[in-house]
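Taking it in order: structure first as structure tokens, then the write-up.
In what follows, chains carry the letters A, B, and so on, assigned in the order in which the sequence lines appear, proteins first and then strands, with residues in each chain numbered from 1. All values below come from the heavy atoms of this structure, side chains included, with hydrogens, waters and symmetry mates left out.
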Amino acid sequence: MRFSRLLIPTSKEVPSDAVLPSHIYLLRAGYIQSVGAGLYNFLPLGKRVLDRVRAVVKEELDRAGCQEVDLAFVTPAELWRESGRFEKYGKELLRFKDRKENEFVLGPTHEEMMVNLVRQSVKSYKQLPLHLYQIKTKFRDEIRPRFGLMRGREFLMEDGYSFHKDEEDMKREFDHMEAIYSRIFTRLGLDFRVVEADSGAIGGSGSKEFMVLAESGEDTLVVCDGCDYGANIEAATRAPKEGPRYEEGEEPVMSPGEFHTPGTTTIEALAEFFRLDPHHLVKAVAKKALYDEGREEIVLFFIRGNDELEETKACNAAGANELTEVTEEELRAAGLTPGYMGFEGLPEGIHYYIDRELRGEANLIMGANKEEYHRVGVQVPDLSERFADLVAVQEGDRCARCGGTLRYTKGIEVGHIFQLGTRYSEPLGATFLDENGKARPFVMGTYGIGVSRLLAAIIEQHHDERGCIWTRESAPFAVEIIVSNVKKEEEREAGERLYRQLLEAGVEVLLDDRTERFGPKMSDFELMGIPYGVVVGKKLAEGTVELITRDGMVREDRSLEEIVPVLLERV
RNA sequence: CGGAGUGUAGCGCAGCCUGGUAGCGCACCUGCUUUGGGAGCAGGGGGUCGAAGGUUCGAAUCCUUUCACUCCGACCA
């Protein structure tokens, strides 16, 4: 295509609200245009990249035996009520009514729709397994959209759903999709890691996330330097934390009892007061848990003094939709004693959970539920239903698998696969007849790739101070021919000739035939990030052109005869 | 949802305090010159100043209401 005819509104100005390289460059290079909070238009260049990325996803999925479908974007609210997610999904669901006052939502994900489709058309185990997917716009009314394509409200997502006769076959497909997704991200040139994850609002048992490693990622990952363990902080586990080492006979031993501890409402103050490592102290974290139909209650979480509460884990333990902050006044109103709370002697009816690493521990200090008093020599009773994994893995903790050291790193979530089980098929009454003619709910898996987010992820990982650097399978064009001065007949003609040759060879090529000077053309080339550039200019007199590899801006002179074969070899 | 801030030409901004003909840079159009790193000169087009109401002889400017957007936090496949 000809640059002079393409709508590529590049800009020198850095958009004031953009901070991430991907956001800045995609806007400046004319890939996308902002239209509102979390809403973007894809301009010709952006659309080309989107189509290429989408094509890679489609090609791999089709080859893996998945079937593409396209479901309605507007979905009846009734389906969401059936699955129980109308409430649980919360404010992210954009709801509205049609002229007949029927309620609808814009699809943020399509489990309900897909189960509905399958329950109407699949009746026998002979039709299983079945994997259907679509690549479609989704809408989630995010609380705070930001970072351009990274977290938009409207975005393009590949969502796949597999249906199986049993757990075992579902797990087979889950592993299969892990391999397929890995192929997709590898083809797109991404450095990523597959990590264990929390299942969030989608539900289900096991889930894994595909994380593109980048400083600007919004997710914190825990990785092991000794093995290939990796997990989202929300789901990461560790070997039980070891306490401080003491000399023989130096370990703290306390006889049970209450102790007057004025002014020790924080762990630091308490550790100071007893001259003890916080490892021996029990921290109480209070949260307000929100449930369906607006029900809310105060829940307490007890963890070690040197640990931090991991909210997602805590939320799962409490079975709540959401946890929010609770004020000191609310705590007192519930009969609690902020700063001095412990799990013994709590008022009736207060729900609490204890971190599983505290099970069986003794010689602890914890609040006595009495102003200015702590209990010492506490032994944790075996209340099996109270224990849960509640704490955030910290840097330096030990790996549960190999004992190696755990570290944090940042990642961009570009894919997520779930072992769903019967989470949706059961409430929606989606069943098939097995070999014995018995009705059983489908066992499901669900899989998602953030296609538009991938554009941002690719740029986050592949850019320099001048602009984008697209990878081979994501680039809007493979080659850009830069005619240095189109008013020079010989340069223009040589450029045109090269352009025709590459087109005939089937190369996606962009010809910069604008009357601009050399400077702006080079800057635009660098900003847009097309992998290869060919400068037709000065050196034409010697029968050579300049081949530029965008990644690293490596320049080499090539004769007019060899330039086409050389390019064909590389793209 | 809490805190802060911004809405003036396509983009980035000044003007507002102290009311009196709506400006600057970039971009755009025309002409000439220039052409290997975001050119120069000359001329030109474009804005119901986010919206509604009020005060006033007169409102971008003061007052009230409202909408939108952004940032920080909480939150979030």
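Remark: G5(B) base-pairs with C69(B); criterion is Watson-Crick or G-U wobble with both hydrogen-bond distances under 3.5 Å. The pairing partner recorded for U30(B) is A42(B), the criterion being a Watson-Crick or G-U wobble arrangement whose two distances lie under 3.5 angstrom. Checking G47(B) for Watson-Crick or G-U wobble geometry (two distances, each under 3.5 Å) identifies no partner in any strand. Judged by Watson-Crick or G-U wobble contacts below 3.5 Å, the nucleotide A74(B) has no partner. Figure legend. G23(B) is base-paired to C13(B); pairs are counted as Watson-Crick or G-U wobble with both atom distances under 3.5 Å. Base pairing annotation: G53(B) forms a Watson-Crick or G-U wobble pair with C63(B), both donor-acceptor distances under 3.5 Å.
When the P atom is used for both C63(B) and A59(B), the distance is 16 Å, rounded to whole Å. To the nearest whole angstrom, the two P atoms, one in C13(B) and one in A60(B), are 22 Å apart. To the nearest whole angstrom, the two C1' atoms, one in U8(B) and one in C69(B), are 15 Å apart. Separation of the C1' atoms belonging to G40(B) and U34(B) is 8 Å when rounded to the nearest angstrom. With C1' as the reference atom, G15(B) and C49(B) are 10 Å apart, rounded to whole Å. Taking atom P on both nucleotides, C28(B) is separated from U6(B) by 31 Å, rounded to a whole Å. Taking the C1' atoms as reference points, C67(B) lies 29 Å from C24(B), given to the whole Å. As rounded to the nearest Å, G45(B) and G50(B) have C1' atoms that lie 24 Å from one another.
The closest side-chain donor-acceptor pair between Glu111(A) and Thr109(A) falls under 3.5 angstrom. Judged purely by distance below 3.5 Å, without hydrogens or angles, the side chains of Gln67(A) and His131(A) never pair a donor atom with an acceptor atom. Side-chain N/O atoms of Glu491(A) and Asn485(A) include no donor and acceptor closer than 3.5 Å. Counting only N and O atoms by type, the side chains of Asp159(A) and Gln134(A) include a donor and acceptor under 3.5 Å apart. With no hydrogens or angles considered, no side-chain donor-acceptor pair links Ser523(A) and Glu526(A) at under 3.5 Å.
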*In sequence, state the C-alpha distance, the side-chain angles, and the governing distance for Leu149(A) and Arg453(A), and then conclude on side-chain contact (heavy atoms from CB on, under 4.5 Å).*
CA-CA 5 Å; Leu149(A) 296 184; Arg453(A) 179 183 283 182; 5.9 Å; no
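The environment of CD in Glu562(A) is crowded: more than 12 heavy-atom neighbours from other residues, nucleotides or ligands sit within 6.0 Å.
Ionic pairing of Asp513(A) and Arg492(A) is not present here: no N-O contact between side-chain nitrogen and carboxylate oxygen is shorter than 4.0 angstrom. Between Glu196(A) and Lys208(A), none of the side-chain N atoms (NZ, or NE/NH1/NH2) sits under 4.0 Å from a carboxylate O, so this pair counts as no salt bridge. Using a 4.0 Å cut-off between charged side-chain N and carboxylate O, Asp51(A) and Lys47(A) make a salt bridge.
The distance between atom CG of Leu94(A) and atom P of C76(B), rounded to the nearest whole Å, is 20 Å. Computed from coordinates, the Glu413(A) CD to A77(B) C1' distance equals 5 Å when rounded to whole Å. Separating the CD atom of Glu13(A) from the C1' atom of A27(B) is a distance of 9 Å, rounded to the nearest angstrom. Protein atom CD of Glu158(A) is 13 Å distant from nucleotide atom C1' of A77(B), rounded to whole Å. Atom C1' of nucleotide C11(B) and atom CD1 of Ile32(A) are separated by 15 Å, given to the nearest angstrom.
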*Going 5' to 3' along nucleotides 32-42 of chain B, which nucleotides have protein heavy atoms under 4.0 Å from the base (write B), which only from the sugar-phosphate (write S), and which from neither (write -)?*
--BBBBBB---
*Treat primed atoms plus P, OP1 and OP2 as sugar-phosphate and everything else as base, then score nucleotides 68-75 of chain B 5' to 3': B for base contact with protein heavy atoms under 4.0 Å, S for sugar-phosphate contact only, - for none.*
-SSSBBBB
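Among the heavy atoms of the strands lying under 4.0 Å from Gly450(A) is at least one base atom, whether or not backbone atoms are also near. Residue contacts shown for Phe525(A) are absent, as no nucleic acid heavy atom lies under 4.0 Å away.
Side chain Arg140(A) to base C76(B): no donor-acceptor pair is found below 3.5 Å.
Using a 30° and 60° split on the angle between ring planes, Tyr447(A) and Tyr181(A) fall in the perpendicular class, above 60°.
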